[in-house]
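The sequence lines fix the lettering, A, B, ..., with proteins before strands; numbering per chain opens at 1.
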Amino acid sequence: MYNSLFSQLSILGASLALLSGILLLWRRNLSSYVDAFQWQSVVLSGLFVIVGYFDHNPELYLVTVIFIALKVFLIPRALRRMQTRFAVERERDPYLNVPSLLIVSGMLVILAYAVMRPVVAISSLPTRGGLPLALGLVFIGLLVILTRKKAFTQVVGFLILENGITLLALLGTYGIPLIVELGVFLDALMGFLVMQIFIYHLHGTFESIDVDHLNQLRH
Amino acid sequence: MTFLFLLIPPFAAALLAGLVRPYRSWVGRANALLSLVPLGASLAFISRAVSGAPAPTFGPNELLRADSLSALILACVTGVAALALFLGPNLNVSAESAEQVRRYQIFVNLFIAAMLLAVSANNVGIMWVAMEATTIFSALVIPLTLTKASVEASWKYILIGSTGIALAFAGTVLAYFDFVNLVGPIENALNWPALMTNASALHPEIIRLAFIFLLVGYGTKAGLAPMHTWLPDAHAEAPAPLSALMSGVLLAVAIYAILRWKAVVDAVVGPTFTNQLLIILGLFSITIAAFSLVIQRNYKRMLAYSSIEHTGLICLGLGMGPMGIFAALLLLISHCTAKSMLFLLAGNILHRYNSTKIGQVSGLLKAMPWTGGLFTVGLLALIGLPPFGMFVAELALFRAGFAQSNPWLMAATILLLTVAFVSLLRHLNKILYGPIPEGVGAGENFGWRTALLFINVAVLTTLGLTLPAPLVTLLNQIIGIIVK
Amino acid sequence: MANYLLGIGQGLLALVLAPGLVGIVRWIKARLQNRRGAPPWQPYLDLGKLFAKDVVISNHASWLFRLTPYLVFSSTLAVACLVPSVFVLLPFDGIGDLLTVVYLLLLGTFFLALAGLDPGTAFGGMGSSREMTIAAIAEPTIALAIFGLAVRAGSTNLGHIVAQTLANPGLAVSPGHLLAFAALFIVTMAETGRLPIDNPATHLELTMIHEAMILEYSGRYLALIEWASGLKLFIFFSLLANLFAPWGLATVLTPMALLTAGFVFLGKLALLALVVAVIETRVAKLRLFRVPELLSVSFVLALLSVISSFLLR
């Protein structure tokens with residue numbers, strides 16, 4: 001069923017992307033989060049190239065270049081600069097302890113497989129095996145956003161969520177029309193910049209980027 | 001061609017504000033005047049739609065298209081935008097706040113441009129891009145003054161809003177996936193008309209899954225519970241004209257997105273699925289909002305929760321068949337008119353009383369008779385008293401509900417609306433009457449600003465007394481688009 | 001008949017090689033740390049010395065204390081007979097099963113933990129509780145990881161799993177296999193008491209886990225237990241080597257095949273020993289409450305391996 005080289009490579013890539021997402025649930029070190037995101041983006045750009053090659057779609061090469069420039073260089077560099085600026089090293093204990101979080105993430109991947117059953121069934125693309133993994137990555141991004149206490153980690157969780165959706169689009173439809181893809185990148189970049197600005201504001205007003213302190217507004 | 005008149009002025013206004021440093025008052029006046037151009041363009045679209053002409057398109061691959069639904073929402077957006085720009089802080093500016101106002105002008109105009117693009121885009125992907133842009137631009141204006149509360153509100157807004165929009169994108173991708181699987185990557189694969197014509201061939205399970213993502217995603221922007229947590233904070237902490245824009249029209253734009261997708265999904269699996277989801281989420285939103293209104297202590301948050309309640313009502317209406325959609329659209333128009341007026345007035349109140357707490361605002365009728373009067377009118381309109389448009393709309397909603405044999409649902413809704421009704425009146429009472437607090441000046445001049453808000457009152461009253469025929473035609477056309 | 005003899009012979013081979021394996025790992029570590037280190041056959045000499053010595057037992061110890069070394073040794077030896085090291089499709093097919101392996105290993109761990117508690121010393125109890133914390137997550141992970149492989153093979157029999165991978169070489173790089181390998185590797189480090197989970201060379205109370213449980217043992221009992229832990233290392237290495245990279249295993253009973261299989265197997269063991277020694281030298285010991293986090297990661301990896309094998313058939 002998934003025996004062609006294309007199929008194997010795409011599933012391998014999707015698995016690696018998912019694993020780097022799980023890294024965010026395990027490690028406490030903020031710089032390891034940035035590394036995980038960077039490696040994940042590298043794997044995704046590799047997948048872009050592979051799909052572009054096997055599908056004979058040169059547009060995807062252009063998309064790869066922009067993707068690499070944005071998510072492998074620009075954004076991680078901005079994240080690292082933010083990290084040194086605020087001198088945050090480690091995440092505080094999340095709302096749920098690490099082993100439970102990891103088991104929940106395993107359950108979420110099973111859920112993703114269940115949800116994507118009809119989708120995989122009707123597709124005939126060789127890359128369809130990786131679709132549940134992409135949705136699993138989306139769920140893990142959501143889990144990180146919900147259970148983390150540092151605004152920085154929430155941003156990285158959001159970036160992982162976006163990577164998951166990009167992976168979904170790539171494996172399911174071999175990419176979306178170029179103009180929409182460019183718009184998505186632009187949005188991603190601007191969204192990230194705004195989040196960065198806001199973290200600076202957070203640090204300026206609260207003297208910390210701990211989301212726990214955001215309890216001024218109730219009811 | 002009209003599209004250029006629609007989209008270029010806000011961009012031009014933003015550019016103008018960006019180029020002129022330091023900020024000067026004439027920029028604000030120019031922006032306000034520029035905002036009238038899109039208003040004219042949208043009215044032109046409405047008249048074209050009502051006259052029965054086919055929807056005008058523009059751009060390569062029919063990038064932009066303005067059918068009846070788009071025209072209606074465009075009119076709402078441009079109307080409130082014009083109001084906000086005229087009544088914003090941009091017309092008379094002191095030296096200290098110049099930089100803030102300049103930033104405000106740039107981003108508010110970009111925000112309006114993004115909303116206009118979202119509503120007039122023919123392409124599902126472009127609509128998504130524009131919606132994400134609205135989140136970004138509006139988020140930049142919320143923390144205009146850096147206080148703990150505004151920073152917290154803006155952080156929650158951008159995080160929850162962006163996450164929601166990302167999920168909506170996942171839904172879009174799933175729908176596109178199904179489409180491409182069936183038809184292949186054709187030219188206009190992501191255009192609404194193409195989706196509608198090929199709808200019958202799409203796979204039900206995939207489209208259902210996609211709609212769930214889309215409802216959660218765009219519902220976050222619309223303020224549907226349980227994704228509403230950002231809304232009270234953001235709408236309360238934003239500067240008044242931005243709150244008017246966000247509460248009045250951004251919610252409308254999000255509902256527009258849901259409505260468009262509902263049309264597609266209904267063509268594939270029939271209306272029951274989306275109706276059920278919309279009714280559940282709508283009822284949930286009304287419940288949460290009604291009970292939160294009881295304990296409110298901040299009048300801007302009160303207005304924000306009322307927005308959640310109305311979004312819930314609108315979604316409830318959308319889930320009840322053609323009659324319900326008619327009622328929902330009327331609700332949308334009335335809410336947009338009333339809420340924008342209320343938030344702009346709330347800005348005035350804040351300016352005078354220097355506090356957003358209901359407890360610290362009293363004697364409004366004595367201190368600011370015109371503002372107080374208009375605020376009362378707006379709030380009475382909001383809670384659904386005749387002779388205002390909301391009353392007619394709610395009546396239509398209940399008629400639709402009973403026609404669909406949903407008496408328990410309607411009973412629950414009436415109960416919740418009563419709770420909201422009573423709470424809002426109680427709060428209004430506290431604000432209007434009583435002694436004027438220390439240090440607050442009394443008396444108010446009747447300026448052109450106040451006069452402008454009478455337009456809102458006029459619209460609400462017209463809707464309440466009669467439904468003008470062109471409006472009815474327009475609404476029926478929209479129903480025709482959605483319920484194929 | 002010859003099959004059965006070969007099966008038992010495999011067990012004896014494991015018995016003979018196991019202390020050497022422990023010695024090799026120790027020796028490589030020493031060399032990496034710029035020490036001369038004891039020669040690789042030192043564990044044999046240690047075993048000999050221990051067998052010659054007297055046994056000293058606490059007054060508070062019960063029959064459990066005396067039974068455990070024999071039980072642990074025999075259960076581990078039984079597993080060694082079941083795990084394919086040189087020859088595939090063992091005759092103990094009916095019982096050479098994944099679940100049998102896991103339960104036998106768990107039996108040994110369970111009794112060792114009890115024996116740590118038995119004499120009533122503080123160190124023993126502490127070691128037992130720590131060991132149980134680790135075993136609670138590690139044992140299901142072994143089962144899951146091998147199960148991930150078993151799904152593809154259609155049977156939990158170890159021999160069949162190996163045969164399946166031999167038949168389809170492409171399976172070896174499928175995500176299911178890779179994830180299972182990662183999970184099983186982490187569990188190997190945990191079960192055999194290697195860094196970063198437990199330091200095999202320490203006798204500080206803060207860092208002991210396995211050593212704490214066996215602190216009361218002496219003489220031939222200690223010899224049996226040390227031999228059993230060496231066997232455990234051997235077993236896990238065989239699992240890692242032969243389930244995931246089974247090429248070189250003998251499938252026919254010719255002397256030539258058996259000989260090449262033997263050499264290939266020794267090569268794989270040496271490679272794994274090198275890898276483990278390098279990892280032990282490079283990482284620092286994890287703080288105790290971090291150990292469940294690492295093991296949960298291996299659990300999730302095993303879970304993902306099962307999911308991907310199951311749903312990507």
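Nearest approach of Met116(A) to Leu174(B), heavy atoms of both residues: CE-CD2, 4.2 Å. Minimum heavy-atom separation, Ala139(B) to Val194(A): CB-CG1, 4.5 Å. Nearest heavy-atom pair, Thr173(A) versus Val173(B), reported as atom, atom and distance to 0.1 Å: CG2-O, 4.4 Å. Closest approach of Gly191(A) and Ile136(B) over heavy atoms only: N-CD1, 3.4 Å. When every heavy atom of Ile165(A) is checked against every heavy atom of Leu167(B), the shortest pair comes out as CD1-N, 4.3 Å. Closest of all the heavy-atom pairs between Ala166(B) and Phe158(A) is CB-CE1, 4.3 Å.
With respect to chain B, the highest number of heavy-atom pairs below 4.5 Å among Val184(A), Leu131(A), Leu135(A) belongs to Val184(A). Counting heavy-atom pairs closer than 4.5 Å to chain A, the top-ranked of the candidates Ser154(B), Pro143(B), Ala130(B) is Ser154(B). For the set Ser162(B), Ala149(B), Ala133(B), the entry with the most heavy-atom pairs within less than 4.5 Å of chain A is Ser162(B).
The shortest side-chain heavy-atom distance between Trp155(B) and His201(A) does not fall under the 4.5 Å cut-off. In this structure, Phe169(B) and Glu162(A) have side chains that are not in contact, with every pair of non-hydrogen atoms separated by 4.5 Å or more. Using a 4.5 Å cut-off on side-chain heavy atoms (C-beta onward), Phe198(A) and Leu159(B) make no contact.
Proximity to chain B involves both the backbone and the side chain of Ala151(A), based on heavy atoms less than 4.5 angstrom apart. Interface remark: Asn123(B) contributes side-chain atoms only to the contact with chain A (heavy atom separation under 4.5 Å). Heavy atoms of Thr229(B) lying under 4.5 Å from chain A are absent altogether. Heavy-atom distances place the side chain of Glu205(B), and not its backbone, under 4.5 Å from chain A. Leu193(A) does not touch chain B: none of its heavy atoms, backbone or side chain, sits under 4.5 Å away. Both the backbone and the side chain of Leu202(A) come within contact range of chain B, each with at least one heavy atom under 4.5 Å from a heavy atom of that chain. With a 4.5 Å cut-off on non-hydrogen atoms, Phe291(B) does not touch chain A at all. Proximity to chain A involves both the backbone and the side chain of Leu140(B), based on heavy atoms less than 4.5 angstrom apart. Contacts of Leu186(A) with chain B are absent, with no heavy-atom separation under 4.5 Å from either backbone or side chain. With a 4.5 angstrom heavy-atom cutoff, Val115(A) touches chain B via backbone and side-chain atoms both. For Ala236(B), no part sits under 4.5 Å from any heavy atom of chain A, backbone or side chain.
Crowding of Tyr53(A) atom OH: a count of heavy atoms from other residues, nucleotides or ligands under 6.0 Å not exceeding 12. More than 12 heavy atoms of other residues, nucleotides or ligands shown are found within 6.0 angstrom of CZ on Arg426(B).
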Candidate pair Leu209(B) and Val119(A), rule side-chain contact (heavy atoms from CB on, under 4.5 Å), full reasoning: CA-CA 9 Å; Leu209(B) 183 65; Val119(A) 181; 3.9 Å; yes
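Note that CE of Met190(A) and OG1 of Thr135(B) are 10.0 Å apart. Values are rounded to the nearest 0.5 Å. Note that CG of Leu161(A) is 6.0 Å distant from OG1 of Thr163(B), once rounded to the nearest 0.5 Å.
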